[in-house]
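What you see is a predicted model; the values in this text were computed from it and never measured.
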Amino acid sequence: DGTKIAVSSRDDNNNGTQNGAVWFYNWNKTTSEWDAVGIVYYDGTTGPYLQLGVVGNGAELGMCMEMSNDGTHLIISAPFSNSNNNVGFIKILEYFTVDTSEYNKEGWHFKHSWNNSNDLPTSNHQNDYWGWSVSINNDGRIIAFSGRGHGSYESKGAVLVYEWKDGLSYVDSSYVQLGNKIELNNTNMFGQAIQISEPPNYISGVNTNSSGIRIVIGERNGDFYDGETLLNVGERGKVYVFELSNNIWSQMNVLPGTSFEGSGTNGNNTWFGTSVAISKDGNRIAVGEPGYKTSRHDDTGIVHIFDYNI
């Protein structure tokens, strides 16, 4: 509703060189100003902002983050978290008022985290960069994040999706992986950008069947083909759409980068899929192509809109 914001400084040096920090603000209707809101830790203590307590430097907390539409949940990542060689770090925060908080404190409370190799699949090369891109649904029950470097070779890429499952108590509740790990063969920076839709007939705040949810995934450096022929046009990029059915992610579409020829590099390195977006119902996507070239200018950039033809 526009009354809460989170602001990151990914290169903040207060807790190690370039480890990053995130600040939180609520809109005060009375004063027409943004009031700072603190963090409530697992033990009930508070802090003025969020930092990452990791060994080493360069984690870049807040490189990617997104808030749920209802303002109750926030996903924040630090893909360069190097206490385990750039495996990555993802944290979910939930907002509570004084009346709903178990500590009687208003603010963002810790809810769940994926902390480096303890909770995330790792590769032999260890530069997985989990949290390179993140996405969260309307009420924060479904989240997704990519590891742009995860796989059998660096820069292959993969995506994980999780759903909050309520137990008998809050302690018994947790985020559970939704479907299989999404990855393909012969990709290059798969997961550069991702976004999830809402499941059909989804009821906010209630455990439901998540079949039908879709996710759009950009592969920034994907190769470009003319039929079965690989064209030597550099990092043209691709975008994929997957749908969940019976707890399995199935590929729906592949959108190849455009084949426009421009000045300078003849349309090479256009990076189709650098940014992506998908509508709530999953039937419309937007794709950014920042290296798109015209006859007059290099790297003019363009945004493509695609509708799903049912």
Side-chain angles (χ1 to χ4, degrees), residues 8 10-11 15-20 22 42 50-66 74-93 110-136 142-165 174-196 215-222 238 240 242 244 247-249 251 273 276:
S8 72
R10 55 189 276 189
D11 292 334
N15 190 33
T17 304
Q18 293 183 316
N19 267 343
V22 181
Y42 289 117
L50 177 65
Q51 292 181 323
L52 192 61
V54 297
V55 178
N57 298 309
E60 298 194 22
L61 176 71
M63 174 182 159
C64 194
M65 57 185 188
E66 186 174 47
L74 182 68
I75 180 171
I76 304 172
S77 72
F80 298 100
S81 175
N82 59 5
S83 61
N84 259 304
N85 296 311
N86 298 324
V87 172
F89 179 93
I90 299 94
K91 183 172 287 291
I92 307 294
L93 303 178
F110 285 15
K111 183 169 185 175
H112 194 92
S113 64
W114 292 262
N115 188 1
N116 299 305
S117 58
N118 297 327
D119 308 305
L120 295 165
T122 57
S123 310
N124 291 333
H125 56 73
Q126 296 183 313
N127 291 323
D128 297 273
Y129 306 121
W130 286 110
W132 189 272
S133 182
V134 301
S135 184
I136 190 168
I142 302 175
I143 62 99
F145 52 83
S146 67
R148 200 187 73 169
H150 178 75
S152 56
Y153 55 89
E154 193 169 342
S155 82
K156 184 176 186 289
V159 176
L160 292 170
V161 184
Y162 289 83
E163 182 175 24
W164 181 258
K165 295 293 185 181
S174 183
Y175 280 97
V176 177
Q177 186 171 331
L178 196 57
N180 51 292
K181 179 172 63 177
I182 307 173
E183 58 183 344
L184 298 171
N185 295 323
N186 303 317
T187 51
N188 190 356
M189 296 189 181
F190 180 81
Q192 164 70 28
I194 65 172
Q195 193 170 56
I196 55 175
I215 184 169
V216 57
I217 303 173
E219 182 196 357
R220 177 184 183 272
N221 290 7
K238 293 180 182 177
Y240 305 80
F242 290 81
L244 185 70
N247 209 36
I248 297 174
W249 290 103
Q251 185 176 315
V276 297

Checklist entry - Taking atom CD1 of I215 and atom CD1 of I182, what is their separation to the nearest 0.5 Å? => result 5.0 Å
Checklist entry - For the side chain of S123 and the backbone of G151, is there at least one donor-acceptor N/O pair under 3.5 Å apart? => result yes
Checklist entry - Between F110 and L50, is a side-chain contact (heavy atoms from CB on, under 4.5 Å) present by the stated rule, with each step listed? => result CA-CA 10 Å; F110 285 15; L50 177 65; 3.7 Å; yes
Item to check | Distance, nearest 0.5 Å, that separates CD of Q192 from CZ of R148 | outcome: 5.0 Å
Checklist entry - How close do N180 and W249 get, heavy atom to heavy atom, and via which atoms? => result OD1-N, 2.9 Å
Checklist entry - With a 4.5 Å limit on heavy-atom distance, are the side chains of L160 and P121 in contact? => result yes
Next on the checklist: Working to the nearest 0.5 angstrom, can you tell me the gap between W164 CH2 and H112 NE2?
Outcome noted: 7.5 Å
Checklist entry - Do F89 and I76 come close enough that some side-chain heavy atom pair is under 4.5 Å? => result no
Checklist entry - Does the Q177 side chain pair with the main chain of G179, one donor and one acceptor, at a distance under 3.5 Å? => result yes
Next on the checklist: With a 4.5 Å cut-off on side-chain heavy atoms, are L178 and N247 touching?
Outcome noted: yes
Checklist entry - Going from NZ on K91 to CD1 on I75, what distance comes out if it is rounded to the nearest 0.5 angstrom? => result 11.5 Å
Checklist entry - Which atom pair, heavy atoms only, marks the closest approach of I196 to A144? => result CG2-CB, 3.8 Å
Next on the checklist: How long is the straight-line distance from CG of D119 back to OG of S113, given to the nearest 0.5 Å?
Outcome noted: 6.0 Å
Next on the checklist: List the residues meeting ring-ring contact (aromatic ring centres under 6.0 Å, His included) with Y129, not counting sequence neighbours, and say none if there are none.
Outcome noted: F80, W132
Checklist entry - Given the rule in the side-chain contact (heavy atoms from CB on, under 4.5 Å) test, do I142 and I136 qualify, once you have shown the distances and angles that lead to the verdict? => result CA-CA 6 Å; I142 302 175; I136 190 168; over 6 Å; no
Item to check | Minimal non-hydrogen separation, G62 against S8, with atom names | outcome: O-OG, 2.9 Å
Next on the checklist: For a quick test of reading the model, state the closest non-hydrogen atom pair linking G131 to S77 and the distance between them.
Outcome noted: O-OG, 2.6 Å
Next on the checklist: If you compare all heavy atoms of E183 against all heavy atoms of A158, which two are closest, and at what distance to 0.1 Å?
Outcome noted: CB-CB, 3.9 Å
Checklist entry - Can you name the nearest heavy-atom pair linking E66 to V134, along with the distance? => result OE1-O, 3.9 Å
Next on the checklist: Is it the case that the side chain of S135 and the backbone of I194 share a donor-acceptor pair, with hydrogens and angles ignored and the cut-off at 3.5 Å?
Outcome noted: no
Checklist entry - Taking the side chain from D128 and the backbone from G149, do they hold a donor-acceptor pair closer than 3.5 Å? => result no
Item to check | CD1-CZ distance between I90 and F145, expressed to the nearest 0.5 angstrom | outcome: 4.0 Å
Item to check | Qualifying residues under side-chain contact (heavy atoms from CB on, under 4.5 Å), relative to T187, sequence neighbours excluded | outcome: Y153, K156, L184, F190, E219, Y240
